[in-house]
Amino acid sequence: MIHFRRPPSIMRSTLGLSWKWTALLCVLAVIVAFIPQAAAVKEHDFKKCHQSGFCKRNRAYADNAASQSSTWNSPYQVIPESPVLKDGQLHAIILKTINDKGETARFPITVSFLKSGVARVTVDEERRQKKDIELRHNSPVRKERYNEAEKWAIVGGLELDKQAQVAFQDKNQINIKYGPESKLEAVIKFAPLEAEFRRDGATHIKLNDRGFLNMEHWRPKVDKPEPKEGEEAPAETGEDESTWWDETFGGNTDTKPRGPESVALDVSFVGYEHVYGIPEHTGPMSLKQTRGGEGNFEEPYRMYNADVFEYILDSPMTLYGSIPFMQAHRKGSSVGVFWLNAAETWVDITKGKHSSNPLNLGPGGKTNTHTHWISESGVLDVFVFLGPTPRDLTQKYGELTGYTAMPQEFSIGYHQCRWNYISDDDVKDVDRKMDKFKIPYDVIWLDIEYTDDKKYFTWEPHSFADPIGMGKQLDNHGRKLVVIIDPHIKKVDGYSVNKELTSQDLAVHNKDDSIYEGWCWPGSSNWIDCFNPKAIEWWKSLYKYDAFKGTMENTFLWNDMNEPSVFNGPETTMPKDNIHHGQWEHRDIHNLNGLTFHNATFEALVSRKKGEKRRPFVLTRSFYSGSQRLGAMWTGDNQASWDHLAASIPMILNQGIAGFPYAGADVAGFFGNPEKDLIARWYQAGAFYPFFRGHAHIDARRREPYLLGEPYTAIVTAALRLRYSLLPSWYTAFFYANRDGSPIVRPMFWTHPEEESGFAIDDQMFVGSTGLLVKPIVDQDKESTDIWIPDDEVYYDYATYQTMSTKKGKHLTVKATIDQIPLLMRGGHIFPRRDIPRRSSTMMRFDDYTLVVSVSKSGSAEGELYVDDGDTFDNEQGQYIYRKFTLAGNKLSSADADGRYVKTIKAGKWLTDMHDVHVDRIIVVGAPSAWNKKEVDIESDGRSWKVKVEYHAAEKGRAAFAVVGRVGARIGQDWVIKA
């Protein structure tokens, strides 16, 4: 069965087709539905490298350099007299030799040494900087290379290390010592240009050591005379100019008023075999090689945000978002690079054994990973991170691009969605039935059909006649509504939003500098240009409660199609020669587009009502570095299949280590009708996605959990209840992502960076710092799985407290029938739960807590709880509770994790209400014999009392455990229990 999005040509609301044509098209759709599906996505609709002129040119350039490796000299040299280090920045001039005549082009280079230990290398083109070029077609676009990506992606971390100093300099190179304790060193070689970055004397990263640096300098277009009649055209000599000035693909021609301007660079990770990051792609988390051969990709990884529905798996093909941040890891060391460029980008990856003395590589250094970065336009701007740990990389990358936004607490619960709930009565009915079947959820979603004829900020007057009544029912049940709004605005008379967009000139322009018109769900549309500050201010006005009538305080937003998706555009997106605010071409800023729209909606929700300062929730499909500051993402239009379920886990893990951990996938699959076993297993996996949403295509059968029937409704409900009981631990994990960039779900190489056998494992994960290790079942008819154990610590089964028979570096077989999730507790952790079943997280806000202690082999454990009001920004004013729990010997205690003296904090309303929230129970798994008593003593807030203990001795492989309760200590106060 083929399931497909309805293209504009068959949208009745858009084209006003007669009922006869509609009926005919329906018949044709039924016929098509019975045609066997040959392939999911039409790959030929999207470019391969050889079809992208600048990628083909730079790959050929690299091939030429590699084939002459012994004699090749990069044409880029630093003028020896030019390097000057001042206040943490090295400035110099690069000369590019253009031809045999000795002609050159000048490229200023700046190497900035940051206090964090990160180094930044930027290279621009002097002639374009000075605007000393000519544009073709009388184009109004800017003459400079695009240099404003920093404005959108970077928010901090740029303070210069003014203590950086020259350690050595002669006519051939300059060495700079920098970073904490000056343990880092940059070696810039002049002829040809090459940069090495060293930590503790060892080289970890090299730039241009293979000579692939290539910045296409500006040159005028020379029109060759047409041959006279009867004469043959002269044979082509020199470079192939066929894609320098114009390029055609899929019937669309891209004009290039600035001519060729690509930028490319080789980056080598010396002694590193595994590289990760550069989402969004399908395939393993440890990235594959891209130059062919068994198990390798044939194509480079592509980053060009695009609407690729029903995407294929295990592919370097581009998807909806891009984060050009790559990490390399080996035992004892992690390093990385961040390629700050928003244009179409391709990355080749190859690996090879190091031929020189391996002693120079440090422990485990045997393989070099070589990467080749190629972008169509912009400046060369690359950040170099020297670790040394995965935690250092995510933390320092977050300093630059921002950390994950602290979410609305409801948003980490379960979201119920489909395209589309057909009416406000339908929404209210789903809400009632979720309650009837005692299935918890927090949010119900509306796709595009809620609008009046695809006009955003409106409601379909018949199906959604009473949106306020719908919103009030949800609010009474502690639930929220999310509605979709996309960046395309329907072009039709009488629609005030489009009239304002166009009359105020806030839309994207075409190459002729008039307002661009394309096709998307509404048919003919214009696109808001969110690079324009005035457009953002206008966008904010549309979300005011009195402007977007029918919305309430419990209404939040979903931004889809913001790559942008254009149905009749090249590669289903916007022409590259469109023009944005600032007169920048779309080619320059394409990958930033989704972030700017996400940002505009974020700002709109913050300012909906004067005096109402609440955290937004905005889901985005398209993203770039920095999008993590604004909300959540999901992996787009997946399929209801087992392999797509399996693919979701490495995709989400990769998002986390790339700095955007608030990620999820459509649970049960967007396209198709999943079997019930698949639905059950997908909900069990989804319960461990940071963003947890069930979603389905408009043609898919309804699959709300209560429709599944037993035992499946009960299985899905159990997975949902597990998610809700652990919400305090999830929220604490989000707090750490917000504070230091830690992934919310963590792969093995990140948590255990010394264990080489875990570096490529991407199908299991730890939840924050809880010690909870989960490996969802992702294969049909599978009732067991093998979990890799990363250390010598004790592990317990989450549900039974069974002590697992584990061995470091080996796999443990765990049974998991269809109603079970393979979930282990690592010894040495304490994590919080809330165990009273509720209909939504809102109803749990002031419930008491359960603490679960999983005792380590040494008899100790520690853990954390972070909680705030989950709604406002009052946490930034100290209105939060942040506890550290510690088990040491026979003493279990709670203290403020920030070392604050709690009584000095002036409590607002939420903190006052939390005064009556207590620790209800403490479950000590692996409890030592000291807990084998009827009572324990507790001290808190100047009082002491006794608490009952139920002790269960170890038996038949199950660990001893103790249940302490009711504890009665306030969750926000210090307390000590002595066993």
Side-chain angles (χ1 to χ4, degrees), residues 155-156 390-391 394-399 401-413 442 614-617 628-632 652 655-657 659-664 688-692 723-746 750-751 765-772 829-834 841-842 844-847 849-852 862-886 894-900 902 905 908 910-911 914 917 919 971-972:
V155 294
R391 183 180 293 273
T394 47
Q395 187 265 329
K396 290 172 183 175
Y397 172 79
E399 278 187 17
T401 63
Y403 297 126
T404 298
M406 200 63 206
Q408 281 272 354
E409 188 173 24
F410 77 78
S411 71
I412 63 173
D442 263 85
R614 299 171 63 220
R615 301 175 205 169
F617 171 75
Q628 67 273 9
R629 306 187 301 262
L630 305 170
I652 289 168
Q655 286 289 138
I657 62 171
F660 197 171
Y662 195 2
F688 292 91
Y689 294 166
F691 173 61
F692 184 16
R723 172 64 167 228
Y724 275 82
S725 70
L726 290 171
L727 281 183
S729 290
W730 281 101
Y731 199 68
T732 302
F734 271 89
F735 164 72
Y736 283 115
N738 172 259
R739 175 169 279 203
D740 64 13
S742 299
I744 294 165
V745 288
R746 302 173 178 179
W750 201 92
T751 59
M765 52 200 172
F766 281 102
V767 178
S769 60
T770 61
L772 291 172
H829 297 267
I830 302 172
F831 59 89
R833 294 193 318 217
R834 276 176 160 157
S841 65
T842 302
M844 301 168 65
R845 292 183 69 211
F846 299 109
D847 283 350
Y849 289 88
T850 294
L851 299 181
V852 180
E862 61 180 32
E864 305 83 28
L865 167 69
Y866 174 85
V867 60
D868 57 32
D869 68 13
D871 180 62
T872 72
F873 295 97
D874 290 351
N875 59 311
E876 297 175 1
Q877 309 304 318
Q879 299 297 296
Y880 62 85
I881 292 170
Y882 179 29
R883 309 303 297 175
K884 182 171 184 179
F885 309 114
T886 305
S894 172
D896 189 272
D898 279 340
R900 303 182 302 170
V902 179
I905 301 168
W910 173 82
L911 206 50
M914 285 295 291
V917 177
V919 179
I971 192 64

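Values below: every heavy atom of this structure, side chains too, minus hydrogens, waters and symmetry copies. Just so it is clear, the structure is predicted and the values come from calculations on it, not from any experiment.
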- Item | Approximate separation, where rounding is to 0.5 Å, of Leu630 CG and Phe617 CZ | 12.5 Å
- Message: Measuring only between side-chain heavy atoms, which start at C-beta, is Phe410 closer than 4.5 Å to Asp871?
- Response: no
- Message: Contact between Pro690 and Val745 at the side-chain level, heavy atoms closer than 4.5 Å - yes or no?
- Response: yes
- Item | Where Pro728 and Ser725 come nearest, the two heavy atoms and their spacing | CD-O, 3.5 Å
- Identify the heavy atoms of Tyr731 and Gly870 that sit nearest to each other, and give their distance. OH-CA, 3.4 Å
- Between atom CG of Leu726 and atom OG1 of Thr850, what is the distance when rounded to the nearest 0.5 Å? 10.5 Å
- Task: Might you point out which heavy atoms bring Ala897 and Arg883 nearest each other, and give the distance in Å?
- Result: CB-C, 4.0 Å
- Query: So do Glu409 and Asp442 actually touch side chain to side chain, heavy atoms under 4.5 Å?
  - Reply: no
- Query: Is there a side-chain contact between Val917 and Val867 (heavy atoms, below 4.5 Å)?
  - Reply: no
- Note on the structure: Rounding to 0.5 Å, atoms CG (Leu865) and OG (Ser894) come to a distance of 8.5 Å
- Query: Hey, is the main chain of Gly402 close enough, under 3.5 Å, to the side chain of Gln628 for a donor-acceptor pair?
  - Reply: yes
- Quick one: do Tyr403 and Arg629 satisfy side-chain hydrogen bond (donor to acceptor under 3.5 Å, both in side chains)? Show the steps, please. CA-CA 6 Å; Tyr403 297 126; Arg629 306 187 301 262; over 6 Å; no
- Query: Centre of Tyr849's six-membered ring, under 6.0 Å away, within 45 degrees of the axis: is that where NZ or CZ of Arg834 sits?
  - Reply: yes
- Could you tell me which residues satisfy side chain to side chain contact (heavy atoms under 4.5 Å, CB included) with Glu864, sequence neighbours excluded, listed by chain and number? Thr732, Tyr736, Ser769, Tyr882
- How are the rings of Tyr866 and Phe735 set to each other: parallel, tilted or perpendicular (split at 30° and 60°)? parallel
- Task: Test side-chain contact (heavy atoms from CB on, under 4.5 Å) on Glu876 and Met406 and set out the steps.
- Result: CA-CA 10 Å; Glu876 297 175 1; Met406 200 63 206; over 6 Å; no
- Does a donor on one side chain sit under 3.5 Å from an acceptor on the other, for Arg746 and Thr751? no
- Message: Testing the basics here: between Thr394 and Gly741, what is the closest heavy-atom pair and its distance to 0.1 Å?
- Response: CB-O, 3.6 Å
- Message: Using every non-hydrogen atom in the two residues, find where Ser841 and Tyr724 come nearest and quote the distance to one decimal.
- Response: N-CE2, 3.6 Å
- Message: Go through it in stages, so that I can follow the logic: the residues are Phe885 and Glu862, the test is side-chain contact (heavy atoms from CB on, under 4.5 Å), and I'd like the CA-CA distance, side-chain angles, deciding distance and then a yes or no.
- Response: CA-CA 5 Å; Phe885 309 114; Glu862 61 180 32; over 6 Å; no
- Identify, with sequence neighbours excluded, every residue that meets side chain to side chain contact (heavy atoms under 4.5 Å, CB included) alongside Arg900. Tyr880, Asp896, Asp898, Ile905
- Query: How many angstroms lie between atom CD1 of Ile744 and atom OH of Tyr662, to the nearest 0.5 angstrom?
  - Reply: 8.0 Å
- Task: Give the intermediate values and the outcome of side-chain contact (heavy atoms from CB on, under 4.5 Å) for residues Met765 and Ile652.
- Result: CA-CA 10 Å; Met765 52 200 172; Ile652 289 168; 5.7 Å; no
- Are Ser742 and Trp750 close enough that some pair of their side-chain heavy atoms sits under 4.5 Å apart? yes
- With a 4.5 Å heavy-atom cut-off, do Ile412 and Arg723 have their side chains touching? yes
- Query: Which heavy-atom pair separates Ser411 from Phe691 by the least distance, and what is that distance?
  - Reply: O-CD1, 4.4 Å
- Message: Please check: side-chain N/O of Gln879 versus main-chain N/O of Gly908, any donor-acceptor pairing under 3.5 Å?
- Response: yes
- How would you list, by chain and number, every residue that makes a side-chain hydrogen bond (donor to acceptor under 3.5 Å, both in side chains) with Asp869, sequence neighbours excluded? Thr872
- Task: Give the intermediate values and the outcome of salt bridge (charged side-chain N to carboxylate O under 4.0 Å, His left out) for residues Arg615 and Asp868.
- Result: CA-CA 12 Å; Arg615 301 175 205 169; Asp868 57 32; 2.9 Å; yes
- Query: Are the side chain of Thr770 and the backbone of Phe766 linked by a donor-acceptor contact shorter than 3.5 Å?
  - Reply: no
- Are Ile881 and Trp910 close enough that some pair of their side-chain heavy atoms sits under 4.5 Å apart? yes
